[in-house]
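Below: one structure, written as structure tokens.
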Amino acid sequence: MDLTRRQLLWAGGALGATALLAGCADSDDGRPGGSATGGSGKPRKGGTLRVGALGRAGAVTRDPHGTQANESDYLILSLIYDTLTVPGRTPNTAPRLAARWTPSADLKTWRFTLAKGATFHDGSPVTAKDVVFSLRRLRATPAGASRLPGIQARNITAEGTGTVVLVSDYANAELPQLTRLTTFVVPDGTADKDMAEAPGTGPFTLDWFRGGNARLVRNDRWYGGEVHLDAIEVRIFESPQAMASALLAGQIDLASNVGAVAARTAKGRGDIQTVRRPNDMAMPLVLRTADGPFADPKVREALRLAVDREAMVKQVLSGYGSVANDVLGTGDPAYAKDLPQRTRDLARARKLLKEAGFDTSKTYELRTTEDISGLAESATLFASQVREAGVKIKVVKQESAVFWDKTWLKADLYTTYWGTNDSVVFFASKTMVSDSAQNEAGFKDRAFDAAYRKAIGTADATERARLLKELQRIEYERSGYLLWGMADGIDLAGSAVRGLPTLPGYGRVQLEQAWLAR
């Protein structure tokens with residue numbers, strides 16, 4: 001898989017190998033937390049939470065700025081190292097290592113003030129120099145430009161010991177949101193060879209690590225509040241089926257991102273809690289807009305109208321999902337819910353195809369992978385549905401490496417998937433503005449580009465929301481995405497587990513507020 005693509009998926013919370021992912025909402029104060037599990041009462045201190053996470057031993061990384069191909073790695077790193085900000089509900093960016101931030105009048109310069117009392121696990125204070133070193137190192141990685149778009153390394157500086165200054169190449173009202181994405185902080189000057197042992201600032205410290213499995217113990221110095229658990233043990237699993245079996249056998253307490261199949265298996269078990277986090281993962285089809293058979297907007301509209309979205313959700317996601325409306329970022333508070341919901345209209349679809357002069361005598365390839373549960377199945381069902389409108393589709397399944405090297409960003413029609421879902425701006429900047437590096441459909445639209453620049457460069461929240469609606473209207477009408485539904489994320493937990501995080505993406509792996517009622 002393309003390195004930048006894979007790191008973007010992990011930054012947003014997607015898993016490029018197996019199961020449907022998790023995500024939802026947060027506690028009222030905007031911080032990760034709340035309880036997605038049954039029961040109530042005052043949190044109990046102590047105990048060890050045994051967590052299963054997906055991954056492969058051969059793909060393990062200990063570098064906080066490295067390629068995180070395993071969910072187990074991402075979980076471990078997110079508990080050891082803090083980012084500047086974390087996901088919230090409204091707004092969708094909340095403080096963490098940065099206690100607050102302020103922009104300049106032109107929205108290009110942002111000052112982040114570090115949290116008081118923040119220290120590394122060795123007791124040394126966190127300073128602005130540490131953050132500058134870490135962000136510049138992150139910026140130098142292959143995925144760094146996408147993680148911090150518009151921020152050049154030279155424009156990441158320290159102001160005294162407690163303030164970090166980021167200067168963007170352009171006005172950006174959404175810049176703090178970018179610092180949620182794996183901006184892990186390590187001490188200034190840490191050598192690459194020592195990165196695996198670098199002390200973090202997070203709620204847990206590393207006790208031991210063996211082949212992807214780890215034990216983390218509570219950091220009583222943590223500046224972020226009380227941590228309830230004594231320890232978290234992370235166990236790596238190569239398949240959701242194996243992880244679910246371990247939970248059912250009582251070998252682990254939490255099966256993270258285990259998927260709908262496991263949820264069906266556990267249904268009816270009184271000793272197992274199913275944590276269903278709605279509206280989390282997108283699996284859109286990509287129709288190339290730059291050229292080829294789907295370049296005409298009428299053809300793309302016809303295919304959108306030929307899809308039976310309810311059937312897709314029911315059959316592909318086993319009902320663990322919701323109908324979508326061809327706009328990415330459905331969890332964003334600024335998501336345009338007032339756009340007319342598309343429904344199936346085969347007569348209209350056939351009419352548009354005829355008007356566009358679409359050649360219905362040909363068979364068109366739809367390329368897909370089995371990287372995640374349901375992806376290939378969505379392609380097969382789509383092909384069956386659009387045939388009723390006169391469009392013949394041949395589904396071609398490819399190995400992951402071939403797909404990301406030969407198909408992604410290049411093919412006329414293919415499936416894709418994204419686990420981040422709480423930001424319209426994220427998708428606009430990463431996949432739809434004309435010069436985006438991951439422009440999956442080759443979409444180049446001057447009106448869209450202009451709406452994007454205006455939106456992120458507008459300080460007034462009301463006006464920015466209006467501009468974001470215009471951005472989404474253009475995406476809805478003529479982008480290269482056919483987003484038929486959103487998959488729920490599914491975790492399984494033992495009956496004693498409480499206080500699991502209830503946010504999508506990075507938020508869902510923050511377990512510092514979890515506790516055990518036993």
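In terms of the salt bridge (charged side-chain N to carboxylate O under 4.0 Å, His left out) criterion, residue partners of D271 (sequence neighbours excluded) are, by chain and number, R269. The side chain to side chain donor-acceptor pair (under 3.5 Å) search around R264 returns S318, not counting sequence neighbours. Taking the side chain to side chain donor-acceptor pair (under 3.5 Å) definition, one finds that T458 meets it with nothing, sequence neighbours left out. Partners of R215 according to the side chain to side chain donor-acceptor pair (under 3.5 Å) rule, which considers only residues two or more places apart in sequence or in another chain, are D207, E233. Qualifying salt bridge (charged side-chain N to carboxylate O under 4.0 Å, His left out) partners for R466, counting only residues two or more places apart in sequence or in other chains: E463. With sequence neighbours excluded, no residue satisfies salt bridge (charged side-chain N to carboxylate O under 4.0 Å, His left out) with D73. With sequence neighbours excluded, the residues satisfying side chain to side chain donor-acceptor pair (under 3.5 Å) with D253 are R50, R518. Residues forming a side-chain contact (heavy atoms from CB on, under 4.5 Å) with K45 (at least two apart in sequence, or on another chain): R218, E226. Checked against salt bridge (charged side-chain N to carboxylate O under 4.0 Å, His left out), R136 has no partners two or more places apart in sequence or in another chain.
A tilted orientation is assigned to the rings of W101 and F112, their planes being inclined by 30° to 60°.
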Can you give the donor-acceptor pairs under 3.5 Å from side chains of residues 190-198 to other protein atoms, not counting sequence neighbours?
| from | atom 1 | to | atom 2 | distance (Å) |
| --- | --- | --- | --- | --- |
| T190 | OG1 | P187 | O | 2.7 |
| D192 | OD1 | R137 | NE | 3.2 |
| D192 | OD1 | R137 | NH2 | 3.1 |

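Every pair tested for salt bridge (charged side-chain N to carboxylate O under 4.0 Å, His left out) that includes a residue from residues 243-252 fails, sequence neighbours excluded, so the list is empty. The side chain to side chain donor-acceptor pair (under 3.5 Å) pairs that include a residue from residues 110-119 are R111-E159, where partners are two or more places apart or lie in different chains.
With D332 contributing its side chain and A334 its backbone, the two residues share a donor-acceptor pair below 3.5 Å.
A ring-centre distance under 6.0 Å is found for Y417 and W404. No close placement of the W408 and F403 rings is indicated, their centers lying 6.0 Å or farther apart.
Counting only N and O atoms by type, the side chains of Q438 and T431 include no donor and acceptor under 3.5 Å apart. At a cut-off of 3.5 Å, with distance as the only test, a side-chain donor of S423 or Q177 sits close to an acceptor on the other residue.
A side-chain contact (heavy atoms from CB on, under 4.5 Å) with V51 is found for one member of L254, L216, D491 and no other, namely L254.
We find that E174 and R180 are not joined by a salt bridge, their nearest charged nitrogen and carboxylate oxygen being 4.0 Å or further apart.
When all heavy atoms of P103 and L107 are compared, the pair lying nearest together is CB-CD2, 3.9 Å.
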